[in-house]
Amino acid sequence: MTGLFSLTMSKNDGILCCLLLVILGSTSLYTRYLRNTILMIKLYPEREPSHHINLDDTLNFGARPAVQTSTSWNASIIWEGMFDPNLFDQKHIGEKSSVALTVFAVGRYLDAYLKTFLISAEQHFMLGLPVTYYVFTDLPDKVPNITLASHRNIKVIQVGKHTRWQDISMMRMRTISEAIESEIRHRFHYVFCFDVDQEFKGRFGSEALGDSVALLHAHYYKLPKARFTYDRNPKSKAFMETGDFYYHAAIFGGTWQNVKHLVDACYLAIMEDKINDVEALWHDESHLNKYFWIHKPSRLLSPEYCWDQSIWDKQDILVTRLVWAPKHYDTLRTG
């Protein structure tokens with residue numbers, strides 16, 4: 001009996017020792033796991049969800065030291081190398097951002113430029129986002145039929161043809177306002193307004209979206225302010241003695257609310273000039289510069305977003321995103 005008891009106790013002691021070893025081993029492994037987990041959290045903190053990121057905080061303003069990347073009122077000036085395109089696209093796709101693009105193709109401009117403009121836009125403009133091209137023309141039957149990607153559409157709106165190209169240029173402000181009020185405001189977050197005599201050559205993406213977007217004119221962005229061609233006629237509502245930058249009316253945009261405010265203000269100023277028998281030096285562009293002098297844009301696009309390839313000094317232009325098409329004003333314009 002004594003031997004049997006001793007044998008039983010020995011087996012129990014062995015089992016107890018094994019259990020203790022298992023517990024100690026498990027505790028050691030768990031402690032090591034916790035220590036490694038804490039270390040990983042410190043070294044690689046969980047990335048903030050993209051929809052919570054302020055995209056302007058991700059811009060690298062020092063990436064392009066040779067050019068101006070922000071304004072005195074802290075608006076960003078977008079250049080190649082300043083932004084992460086994937087981050088911008090992911091956020092805007094997640095937010096279901098949508099864009100209306102307005103373009104006027106009146107008279108001979110339709111045949112000369114519209115097809116190239118639309119085809120190149122499908123290759124480079126706001127890819128991955130819902131886009132509708134609002135084509136304003138006096139020749140709706142001649143608008144080319146092009147292949148569009150998913151969630152992208154063309155809407156053709158017939159407009160009257162003015163006898164003078166200057167009137168076409170100036171009256172587009174009223175037409176854009178009417179389109180925003182009747183339709184665009186109910187379907188789109190952003191509006192971009194383009195001249196048709198341009199061709200997309202590279203990414204023109206979601207980094208260009210903002211509350212109020214203006215474009216630096218390729219021919220003036222390096223010149224002193226004294227050489228900016230603001231309207232200097234005190235009788236015009238576009239009159240300016242000085243300004244911040246010279247903006248190109250070939251592109252402007254923003255939220256539909258801000259674009260509508262812009263085009264309404266410019267249209268009213270143009271009509272007041274007409275009543276007073278005055279015409280601004282550069283027509284709607286002069287009024288647009290006056291507007292942006294008073295109402296500062298929140299985002300500026302560098303000349304990469306609208307470049308004239310005839311300019312010999314191209315050292316700042318790492319990417320041409322949109323270029324001026326060859327101009328044939330002698331045959332295209334009347335009046």
Give the minimum heavy-atom separation between [X] and [Y], together with the two atoms involved.
X: D273; Y: K237; value: OD1-N, 2.9 Å
X: K260; Y: S177; value: NZ-OG, 3.4 Å
X: L148; Y: E122; value: CA-OE1, 3.4 Å
X: C193; Y: I176; value: SG-CD1, 3.8 Å
X: H92; Y: S206; value: CD2-CB, 3.6 Å
X: I78; Y: S302; value: O-OG, 2.8 Å

Quiz item: Does N145 CG have over 12 foreign heavy atoms under 6.0 Å away?
Solution: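 At most 12 heavy atoms, drawn from other residues, nucleotides or ligands, come within 6.0 Å of this atom.
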
Quiz prompt | Residues F192, L209; criterion side-chain contact (heavy atoms from CB on, under 4.5 Å); working and verdict | solution = CA-CA 9 Å; F192 261 92; L209 297 174; 3.7 Å; yes

Quiz prompt | Residues D195 and R172 bridged, charged N to O under 4.0 Å | solution =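 Yes, charged N to carboxylate O under 4.0 Å.
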
Quiz item: Can you list every pair that meets salt bridge (charged side-chain N to carboxylate O under 4.0 Å, His left out) and has a residue in residues 58-70, with sequence neighbours left out?
Solution: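 Salt bridge (charged side-chain N to carboxylate O under 4.0 Å, His left out) check on residues 58-70 returns R64-E304.
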
Quiz item: Which salt bridge (charged side-chain N to carboxylate O under 4.0 Å, His left out) pairs, counting each pair once, include a residue from residues 133-142, with sequence neighbours left out?
Solution: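 Residue pairs passing salt bridge (charged side-chain N to carboxylate O under 4.0 Å, His left out), neighbours aside: D111-K142.
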
Practice problem: Mind telling me whether Y221 and W79 have parallel, tilted or perpendicular rings, with 30° and 60° as the class edges? | Solution: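 The arrangement is tilted - the two ring planes meet at 30° to 60°.
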
Are the aromatic rings of [X] and [Y] close, with centres under 6.0 Å apart?
X: Y113; Y: Y109; answer: yes
X: H219; Y: W324; answer: yes
X: F252; Y: Y291; answer: no

Quiz item: Among F200, F125, F104, Y133, whose ring pair (Phe, Tyr, Trp, His ring centres under 6.0 Å) with F117 holds?
Solution: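 Checked F200, F125, F104, Y133 against F117; only one passes ring pair (Phe, Tyr, Trp, His ring centres under 6.0 Å): F200.
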
Self-check item: Option passing ring pair (Phe, Tyr, Trp, His ring centres under 6.0 Å) with H217 (candidates Y230, Y246, F245)
Solution: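 Going through the options one by one, the only one that passes is Y246.
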
Self-check item: Test ring pair (Phe, Tyr, Trp, His ring centres under 6.0 Å) applied to W256 - qualifying residues, sequence neighbours left out
Solution: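 Listed in chain order: nothing, the list is empty.
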
Quiz item: Side chain of Q158, backbone of P140: donor and acceptor closer than 3.5 Å?
Solution: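 Pair absent, no side-chain N/O of Q158 close to backbone of P140.
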
Quick one, [X] and [Y] - any side-chain contact, counting heavy atoms below 4.5 Å?
X: N233; Y: L281; value: no
X: L301; Y: F204; value: yes
X: S98; Y: R187; value: no
X: V131; Y: Y190; value: no
X: M173; Y: D284; value: yes

Measuring from atom [atom1] of [X] to atom [atom2] of [Y], what distance do you get when rounded to the nearest 0.5 angstrom?
X: L300; Y: S76; atom1: CG; atom2: OG; result: 7.5 Å
X: E279; Y: K274; atom1: CD; atom2: NZ; result: 6.0 Å
X: I251; Y: L288; atom1: CD1; atom2: CG; result: 11.5 Å
X: K201; Y: H124; atom1: NZ; atom2: NE2; result: 8.0 Å

Quiz item: Do V319 and W307 share a hydrophobic cluster (ILVMFWY, side-chain heavy atoms under 4.5 Å, transitive)?
Solution: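 No, because V319 and W307 fall into different hydrophobic clusters, even though each may have its own neighbours under 4.5 Å.
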
Self-check item: Trace of the side-chain contact (heavy atoms from CB on, under 4.5 Å) decision for T69 with M82
Solution: CA-CA 9 Å; T69 56; M82 287 179 56; 3.7 Å; yes

Quiz item: Going through the checks in order, is the side-chain contact (heavy atoms from CB on, under 4.5 Å) test met by E80 and R321?
Solution: CA-CA 10 Å; E80 174 68 10; R321 305 180 186 281; 2.5 Å; yes

Quiz item: Given F239 and V278, is the side-chain contact (heavy atoms from CB on, under 4.5 Å) satisfied, shown in steps?
Solution: CA-CA 11 Å; F239 168 71; V278 177; over 6 Å; no

